[in-house]
Visitor: 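Submitted below is the structure of interest, expressed as structure tokens.
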Number of protein chains: 4
Amino acid sequence: MVAAAIETIAEEGYPRASFSRIARRAGLSSTGLISYHFAGKADLMSEVTQDILGRFAEHVLAQSDDGSPAGELRTFIRANLEFMSAHRLDMLALARIQAHQPIAGQAEVDGEPPVTVVAQDQRRLAEVLRRGQDTGQFRPFDPQVVAGFILALRNHVIEQSADPAADMTAIGTELESTVSAMITITGER
Amino acid sequence: MVAAAIETIAEEGYPRASFSRIARRAGLSSTGLISYHFAGKADLMSEVTQDILGRFAEHVLAQSDDGSPAGELRTFIRANLEFMSAHRLDMLALARIQAHQPIAGQAEVDGEPPVTVVAQDQRRLAEVLRRGQDTGQFRPFDPQVVAGFILALRNHVIEQSADPAADMTAIGTELESTVSAMITITGER
Amino acid sequence: MVAAAIETIAEEGYPRASFSRIARRAGLSSTGLISYHFAGKADLMSEVTQDILGRFAEHVLAQSDDGSPAGELRTFIRANLEFMSAHRLDMLALARIQAHQPIAGQAEVDGEPPVTVVAQDQRRLAEVLRRGQDTGQFRPFDPQVVAGFILALRNHVIEQSADPAADMTAIGTELESTVSAMITITGER
Amino acid sequence: MVAAAIETIAEEGYPRASFSRIARRAGLSSTGLISYHFAGKADLMSEVTQDILGRFAEHVLAQSDDGSPAGELRTFIRANLEFMSAHRLDMLALARIQAHQPIAGQAEVDGEPPVTVVAQDQRRLAEVLRRGQDTGQFRPFDPQVVAGFILALRNHVIEQSADPAADMTAIGTELESTVSAMITITGER
DNA sequence: AATGAATGAGTGTTCATTCAT
DNA sequence: AATGAATGAACACTCATTCAT
């Protein structure tokens with residue numbers, strides 16, 4: 001059911017991912033079961049997010065890295081790219097769910113805000129960047145802001161992967177070198 | 001009416017920008033009038049896009065630039081940032097309309113695809129980048145891909161501007177230096 | 001304006017003959033004028049009916065006939081067929097308006113019922129048929145009922161004329177001989 | 001639901017047979033369920049047509065007929081009349097659906113045209129007529145055209161049955177003798 | 001676990017009509 | 001006479017959700 005939701009979002013787009021379309025793809029003949037298992041659409045999306053994120057975390061944890069900020073960053077990017085190529089639909093669905101999350105603080109009165117993966121990622125990434133600045137490897141910049149930039153680029157690359165014609169290895173390589181150029185100290189400037 | 005649409009998209013998000021919500025914001029008592037003036041939702045969005053783009057183009061044309069690729073790029077970024085701070089809602093609406101444009105080749109049977117501003121922007125930007133590489137100012141990279149990256153960053157910054165708490169001048173400054181670092185030749189690496 | 005209504009009904013069908021479509025065809029840029037000149041849609045249709053009927057009556061009156069019931073009937077059929085071929089759109093529009101008239105006694109509380117041309121025609125035709133029976137030329141039948149039949153056939157022929165591929169002269173000839181066979185005394189039976 | 005549609009069409013007319021009115025008559029509180037069960041309005045109408053036609057076919061098959069063209073024709077007319085008196089609303093609805101089917105080639109882009117029962121009926125009837133001519137029982141005429149005439153008369157009779165004041169047995173009898181007179185060889189002329 | 005009927009709110013769109021200009 | 005903005009009701013249709021089975 002979660003899998004069907006992922007497929008639907010990735011292949012038909014978030015706005016078209018209605019319960020009926022998801023049910024049809026899941027081989028169900030009624031949307032009733034989805035409503036029975038999940039508290040609502042937001043809950044289903046949250047579950048989908050958790051599911052993808054869980055598998056993503058596993059993959060990232062399996063990566064070795066030399067512990068240096070530059071290494072960690074490279075590992076992060078590479079893990080993203082690898083997972084992306086292995087689980088294109090998952091990443092695409094994830095990115096789209098995030099992109100369509102209702103604007104913060106709006107229509108959210110009823111309790112906990114939706115899972116914002118980006119915020120977590122961004123905090124962790126910013127921490128790595130800050131360490132890289134402390135060791136003098138990285139040029140001076142606002143770690144929070146640049147972390148946001150890097151994630152924006154990653155999401156852009158994910159979105160590109162929706163187009164089957166896109167040369168993902170080329171784009172991936174470019175992402176690596178671009179991020180590297182973005183943060184390392186340049187000769188001139 | 002176009003103005004009401006912009007406000008609605010910027011403040012409530014694209015998916016919530018239904019004709020009824022736009023009509024309410026425009027002081028109309030019925031959605032009928034919107035359908036009367038515009039051929040459909042796509043047409044309204046196209047009109048909104050043209051409206052914002054027209055004013056944006058005016059602003060950009062008023063910018064001076066020294067003709068060098070680096071100068072043109074800086075001008076492009078600055079014009080974006082300036083217009084963004086002066087017309088936050090417009091830029092936000094514009095970015096969201098583009099982001100929610102249906103995926104190419106999907107449900108597009110009816111003929112001409114929707115106005116994709118991004119594609120145009122990207123082509124022009126790529127051209128500037130290529131010229132910068134020819135003159136040896138920019139490091140080697142795929143101009144098309146990196147142009148996409150730069151626009152993704154710009155859109156990310158626009159999206160940030162939806163949050164009233166965001167320090168836009170800081171983010172803007174960071175955008176300029178980051179883009180500069182992304183493309184210029186670095187000493188090491 | 002009446003002319004535009006006729007064209008619209010004949011070429012696009014009654015259900016599509018909205019004020020806006022009629023206005024467009026009339027070269028008007030607003031439906032307002034139609035509502036200004038006519039008390040409502042029913043009134044416009046009534047006016048259209050009267051217009052066509054007036055011209056139709058003129059044409060029929062110009063026909064000579066020998067005064068015998070059979071002659072009058074033949075004249076009626078011929079006049080219909082001639083007018084039909086000369087004013088295809090008019091006849092088509094007329095038939096369609098009649099066909100789409102709301103069912104008698106329904107939603108008509110507000111006063112006079114719509115002009116039912118058929119009822120008038122039928123009464124006059126029945127009278128001719130009765131006279132033919134009195135003179136022994138026609139076989140015995142219920143004049144009212146058979147008058148209805150003849151008009152139904154005429155309307156069917158009109159409706160056929162909407163199809164440009166239909167061979168109207170053949171159908172017209174067939175109509176004449178069929179009606180003749182319907183009412184005259186047969187040898188056997 | 002199909003039954004409610006039939007009632008609505010028969011009692012209020014085709015143009016007034018909107019989903020809401022049908023739903024109201026079916027005891028539903030929303031039109032949603034109709035859209036849930038049928039792919040669209042055309043589908044509902046097609047379903048209604050099939051439903052009535054199925055029951056009609058049953059009735060006709062139960063009729064005995066001597067195999068001669070004249071016998072087949074008489075059987076066809078009688079079966080129509082009988083079924084009509086037993087299922088007045090059904091026949092009325094059926095006739096109206098057919099009458100309001102959009103004109104061929106108009107707004108039909110989407111592929112298969114709507115179920116045109118009339119066309120089938122007409123072809124079968126024309127075949128019977130042609131056989132009658134071959135055996136010398138029927139007078140010479142264009143079978144296709146006259147088949148159209150006979151169906152027009154039948155539909156006219158059906159339409160008459162909408163008026164509760166109409167004397168259907170009288171009209172039915174008249175229909176039989178009229179059709180008989182229409183096609184059989186007359187002494188004079 | 002799974003179905004399918006049912007609901008009510010909401011979507012964009014069309015329509016006849018009104019009215020100030 | 002003619003326009004164009006504005007209205008409110010109606011239209012077919014989609015959606016998430018509920019509920020009895």
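Worth knowing before you read on, the calculation uses all heavy atoms, side chains too, and leaves out hydrogens, waters and symmetry mates. Naming convention: chains lettered A, B, ... in sequence-line order (proteins, then strands); numbering from 1 in each chain.
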Visitor: With a 4.5 Å limit on heavy-atom distance, are the side chains of A/R25 and A/E12 in contact?
Guide: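 A side-chain contact under 4.5 Å exists here.
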Visitor: When the distance from CZ of B/F38 to P of F/dA6 is rounded to whole Å, what number comes out?
Guide: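 It is 12 Å, rounded to the nearest whole Å.
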Visitor: Taking D/R21 for the side chain and D/R16 for the main chain, is one N or O donor matched with an acceptor at less than 3.5 Å?
Guide: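 Side chain of D/R21 to backbone of D/R16: a pair is present.
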Visitor: Could you tell me the separation between the CG atom of D/L28 and the OG atom of D/S20, rounded to the nearest 0.5 Å?
Guide: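 Answer for the CG-OG pair, D/L28 versus D/S20, is 11.5 Å.
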Visitor: With heavy atoms under 4.0 Å as the rule, sort A/S20 into base, sugar-phosphate or nothing.
Guide: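 Since only primed, P, OP1 and OP2 atoms lie under 4.0 Å of A/S20, the category is sugar-phosphate.
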Visitor: CE of C/M1 versus P of E/dA16: gap in Å, rounded?
Guide: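 So the CE-P distance, C/M1 to E/dA16, works out to 13 Å.
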Visitor: If I take atom CG in residue D/L28 and atom C1' in nucleotide F/dC13, what distance separates them, rounded to the nearest angstrom?
Guide: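 Interatomic distance, CG of D/L28 to C1' of F/dC13: 15 Å.
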Visitor: When all nucleic acid strands are considered with a 4.0 Å heavy-atom cut-off, which category describes C/S18: base, sugar-phosphate, or nothing?
Guide: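 C/S18: backbone/sugar contact only, no base atoms under 4.0 Å.
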Visitor: Where each residue is assigned the nucleotide of DNA chain E containing its nearest heavy atom, which of D/G32 and A/G27 is assigned the position nearer the 5′ end?
Guide: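 Mapping each residue to its closest nucleotide by heavy atoms, the 5'-most match is A/G27.
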Visitor: On the nucleotide F/dC11, are OP1 or OP2 found under 4.0 Å from the side-chain N or O atoms that D/R21 carries?
Guide: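 Yes, within the criterion.
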Visitor: Indicate, with a heavy-atom threshold strictly under 4.0 Å, whether D/I34 touches base, sugar-phosphate, or nothing.
Guide: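 Counting heavy atoms under 4.0 Å across all strands, no contact is made by D/I34.
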Visitor: Could you tell me how far apart A/K41 (NZ) and F/dT18 (C1') are, to the nearest whole angstrom?
Guide: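 Nearest whole value for this atom pair: 17 Å.
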Visitor: Go through F/dG4, F/dA16, E/dA16 for me and flag the one nearest to the B/Y36 side chain.
Guide: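 Looking only at heavy atoms from C-beta outward on B/Y36, the closest nucleotide is F/dG4.
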Visitor: I want to confirm an ordering. Mapping C/S29 and D/G40 to their closest nucleotides on DNA chain F, which one lands closer to the 5' end?
Guide: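 It is C/S29 whose nearest nucleotide is closer to the 5' end.
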Visitor: Main chain of A/R96, side chain of A/H100: is a donor-acceptor contact present, judged purely on distance under 3.5 Å?
Guide: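 At least one qualifying donor-acceptor pair exists.
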Visitor: E/dG8 base to D/S30 side chain: any donor-acceptor pair below 3.5 Å?
Guide: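 Yes.
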Visitor: Just by distance, do the side chain of B/R88 and the backbone of B/S161 share a donor-acceptor pair under 3.5 Å?
Guide: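 Looks like yes, one N/O pair under 3.5 Å.
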Visitor: Report the distance from atom NE2 of B/H37 to atom C1' of F/dT3, rounded to the nearest whole Å.
Guide: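 To the nearest whole Å, that distance equals 12 Å.
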Visitor: E/dA1 pairs with which nucleotide, Watson-Crick or G-U wobble, both distances below 3.5 Å?
Guide: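 Check on E/dA1: unpaired, no WC or wobble geometry under 3.5 Å.
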Visitor: By nearest heavy atom, map D/T31 and C/L33 onto DNA chain F; which one lands nearer the 5' end?
Guide: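 Nearest-nucleotide comparison on DNA chain F picks C/L33.
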Visitor: For the pair made of CZ in C/F19 and P in F/dT7, what is the distance, rounded to whole Å?
Guide: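 The answer, rounded to whole Å, is 21 Å.
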Visitor: Output the rounded distance in Å from CZ (A/R24) to C1' (F/dT14).
Guide: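 Distance, rounded to whole Å: 11 Å.
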